[in-house]
Amino acid sequence: MTVVWINGAFGAGKTTTARELIELIPNSALFDPEVIGGALTHLLPPKHLAEAGDFQDLPIWRRLVVDTAAAMLAELGGTLVVPMTLLRQEYRDEIFGGLAARRIAVHHLLLAPAETILRERIAGREAPPDETDGDLRTRQWSYDRIEPYRAALASWLTADAHPVDTSDLTPYETAVRIAEAVGSGAVPACDIVQTPEPTAETLAAGVLLFDEQDRVLLVDPTYKPGWEFPGGVVERGEAPARAGMREVAEETGIRLQEVPRLLVVDWERPAPPGFGGLRLLFDGGRLEPGEASRVLLPGPELRAWRFATEEEAAGMLPPVRYERLRWALRARERGSALYLEAGVPVG
């Protein structure tokens, strides 16, 4: 099962290209996630929708995109062609990581006409004779999204997706190039670790590593949004502390010589579609001078790493992970482990 994700600015011609593409790729179907956004206008309270601004900012939209794509492929098999703008890297991580967890390969392509041509296309969109204020707002909305598109190009998008310059191409010619690139292997599947989604509560072990300034090491996974601690799920029959040591070595190349000390046991409540479970944090100690500069990211799981102060971590970690870190640092100072429930000390 495969997804061909066609990315690009609003007005780049993604949907028309996708319609041409399904005629060129055998056993393929079109899935436009805009349909999910439209359905949510009927399912969610207007006030909730207004607070989000863009339906992509709704966690339910991102979850339903993954679930719907997986359900369509389970029903139809073959290839799903998805024309959808994704400009926020954390949303790309969440959606592509969710597909990878279902063993669905994602080929990520970017329609990239010159900006002048993009503006001409937006301006030249056929306006209905009775053009309304809503039509004008839609055109202006497309113009307003050019700057975020430009920022994504400069930061992550071109490095992640296979660009196709469509400045001088018709939608059919663009579709031919995409079909040839995917079919020849010129656009390989995204290099995302395919971690199966849990089917029950899990036990996970993280390890805190510190530099000479007592800043904590955080890593940026490619398969889910937000920064994280080095670590992962404890495998069947594996000691949690040893699991943390193994994950640190696999993710960063650092091999701990001593079993780390327990700092926090945190019970994470189920939050569908997740099952929750126990989350342990261990103290991996302070890295030797110079050792931090040799941190490696050997596999496709992690995009980046950095050392952060507690204050910096508050802006990088999701709230529940930050609370876990905050209390782990207090436990490290006091020299005794803490038991938490959903990030709150108990007992």
For E75, does the CD atom have more than 12 heavy-atom neighbours from other residues, nucleotides or ligands under 6.0 Å away? no
Compare all side-chain heavy atoms of M84 with those of N7 and state whether any distance is below 4.5 angstrom. no
With a distance cut-off below 6.0 Å to the six-membered ring centre and an angular limit of 45° from the axis, does R92 pair with F96 as a cation-pi contact? no
Single hit among T85, T174, T166 for side chain to side chain donor-acceptor pair (under 3.5 Å) with K14: T85
Atom CD in E311, atom CZ in R215: separation rounded to 0.5 Å? 12.5 Å
Between D57 and Y91, does a side-chain hydrogen bond (donor to acceptor under 3.5 Å, both in side chains) hold up when you go through it step by step? CA-CA 9 Å; D57 297 329; Y91 293 172; 2.8 Å; yes
Look up atom CG in L338 and atom CZ in R332, then write down how far apart they are to the nearest 0.5 Å. 14.0 Å
Between CG on residue L217 and CG on residue L287, distance to nearest 0.5 Å: 7.0 Å
Taking the side chain as C-beta and beyond, is there a heavy-atom pair between I36 and T68 under 4.5 Å? yes
Would you confirm whether R242, through its side chain, and E238, through its main-chain N or O, come within 3.5 Å as a donor-acceptor pair? no
Using the rule given for side chain to side chain contact (heavy atoms under 4.5 Å, CB included), can you reason through E312 versus W227, listing the C-alpha separation, both sets of side-chain angles and the distance that settles it, and then say yes or no? CA-CA 11 Å; E312 291 170 335; W227 289 71; over 6 Å; no
Atom pair CG (L99) and CD1 (I104), whose distance is rounded to the nearest 0.5 Å: 5.0 Å
Strictly by ring-ring contact (aromatic ring centres under 6.0 Å, His included), give each pair with a member in residues 40-83 just once, sequence neighbours left out. F55-W61
Can you check whether L203 reaches V233 side chain to side chain, under 4.5 Å on heavy atoms? no
Below 4.0 angstrom, N of the basic side chain to O of the carboxylate: do R321 and E228 qualify? yes
Does a side-chain heavy-atom distance below 4.5 Å link L40 with L44? yes
Tell me whether Y172 at atom OH has more than 12 heavy atoms from other residues, nucleotides or ligands lying less than 6.0 Å away. no
Should R255 and M245 count as side-chain neighbours, where that means a heavy-atom distance under 4.5 Å? no
Any side-chain heavy-atom pair of T2 and H107 under 4.5 Å: yes
Taking the side chain from D266 and the backbone from R279, do they hold a donor-acceptor pair closer than 3.5 Å? no
Which distance, rounded to the nearest 0.5 Å, do you find between the CD of E247 and the CD of E235? 7.5 Å
Is it the case that atom CD in E258 sees more than 12 heavy atoms from other parts of the structure closer than 6.0 Å? no
Would R324 count as a cation-pi partner of F229, with NZ or CZ less than 6.0 Å from the six-membered ring centre and within 45° of the ring normal? no
Return yes when atom CZ of R269 has more than 12 non-hydrogen atoms of other residues, nucleotides or ligands closer than 6.0 Å, and no otherwise. no
CG (L87) and CG (L153) are apart, to the nearest 0.5 Å, by 8.5 Å
More than 12 heavy atoms from other groups under 6.0 Å of CZ on R63: yes
With a 4.5 Å heavy-atom cut-off, do L86 and Q56 have their side chains touching? yes
Can you check whether L280 reaches V264 side chain to side chain, under 4.5 Å on heavy atoms? no
